[in-house]
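Note that the structure is a prediction, hence the values are computed from the model and not measured. In the text below, chain A, chain B and the rest are named by the order of the sequence lines, each starting its count at 1.
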Amino acid sequence: MPELPEVETIKRTLEQLVLHKTIEDVTINLARIVRSPEPDQFRALLKGKQILAIDRRGKYLLFRLSSHYTLISHLRMEGNYGVFNSMDAAATHTHVIFHFDDGEELRYRDTRQFGTMDLVKNQDVDQLKFFRNLGKEPFDLSLTEKLFYEKIKKKNKSIKAVLLDQEVVAGIGNIYADEILFRSRIRPEMLANNLTKPKIHAIYENMKIVLREAIEAGGSSVKSYVNGQGKMGLFQQQLYVYQKHGTPCLVCGDEIVKTRVAGRGTHYCPKCQKLR
DNA sequence: CAGAAATCCTGACTGC
DNA sequence: TGCAGTCAGGATTTCT
């Protein structure tokens, strides 16, 4: 479940490890991970490419390559990257290996096999349907409170479902949706179009605060997440509600409960988070 | 068209 | 101990 803070941390750690390296060859052990182009062409195109930069957009990782190509990687639930020497034994569920010309390799592992990779020309990146419809970054200055308010007010579904909607804002997943709503003192099942202006203001501010704090802590390791250096994040120590059901609320002492909202496990404090 | 639900997958967990 | 059943979840597809 790498969300924006985890993907940002992976980006920053991988920058230290693979920038300027040249891909000599690629091994694809599980073809379903490579969404486009066909695996043979994916491999052929990557041979000889140098990694010039790494960017992040929402939960997508973008490897900027030489010859005007970009490798777009989505980790979905349990995808992760690690850099190893080619002599090191590969862990189970290692599905794609990028062999560098210096004897090191970047390995992609993914227990649930949900992750995707797309290799496209730079000029085509913004035309991809999953990028064209992607919402703004939470820290994008052009995502003003007014614009955010208008987007929220249009939605006739739970505020939790709206925060998870990548077309509204990019990068928020199940952990941070619950944490943002706790800090905003809003019950996750509240309908977005019923929220008052002060409530939407609270979400707008807390979204940025929570995500920034999580990035500073290196993300949340609640399940399998580790960064590009194999290290766990620390933000799970600062979570108020996610996976905290059955324990006392750190603010009021009432018991945190777990329900289902927007088809997802949802955690909240019944006392702190009011229905109106 | 919007929103809800099913789908992909494996490993951890539950109950008998 | 073993085994069937359930759950977890991001984005896409399918259904209502």
> Judged by modelled atom types alone, do A:Asn174 and A:Arg264 share a side-chain donor-acceptor pair under 3.5 Å?
Replying inline: no
> Between A:Lys160 and A:Thr266, does any side-chain donor sit less than 3.5 Å from a side-chain acceptor?
Replying inline: yes
>> We want to know whether A:His95 and A:Gln113 form a side-chain donor-acceptor pair, criterion being a heavy-atom distance below 3.5 angstrom.
In response: no
> Using a heavy-atom cut-off of 4.0 Å to chain A, what are the terminal contacting nucleotides of DNA chain C, in 5' to 3' order?
Replying inline: C:dA8 to C:dT12
> With no hydrogens and no angle check, do the side chains of A:Ser220 and A:Tyr176 hold a donor and an acceptor under 3.5 Å apart?
Replying inline: yes
>> On DNA chain B, compare the nucleotides closest to A:Lys157 and A:Thr92; which residue's is nearer the 5' end?
In response: A:Lys157
>> Membership question, hydrophobic clusters at under 4.5 Å side-chain separation (ILVMFWY): are A:Val34 and A:Leu65 in the same one?
In response: yes
>> Classify A:Tyr242 by what it touches in the nucleic acid, base, sugar-phosphate, or nothing, heavy-atom distance under 4.0 Å.
In response: sugar-phosphate
> Hey, does A:Lys129 reach any base, or is it just sugar-phosphate, or nothing, if we go heavy atoms under 4.0 Å?
Replying inline: nothing
> If you look at every strand shown and take non-hydrogen atoms under 4.0 Å, does A:Asn156 touch a base, only sugar-phosphate, or nothing?
Replying inline: sugar-phosphate
> Touch check for A:Gly265, heavy atoms < 4.0 angstrom, all strands: base, sugar-phosphate only, or nothing?
Replying inline: sugar-phosphate
>> Between A:Asn227 and A:Thr9, is there a side-chain donor-acceptor contact under 3.5 Å, judged purely by atom types and distance?
In response: no
>> Using a 4.0 Å cut-off to any heavy atom of chain A, which nucleotides of DNA chain B are the first and last in contact, reading 5' to 3'?
In response: B:dG3 to B:dG11
> Contact class for A:Glu78 vs. all strands (heavy atom < 4.0 Å): base, sugar-phosphate, or nothing?
Replying inline: nothing
> For residues A:Thr27 and A:His99, is any side-chain donor paired with an opposing acceptor at under 3.5 Å?
Replying inline: yes
> Regarding A:Arg107 and A:Thr94, is there a side-chain donor-to-acceptor distance under 3.5 Å anywhere?
Replying inline: no
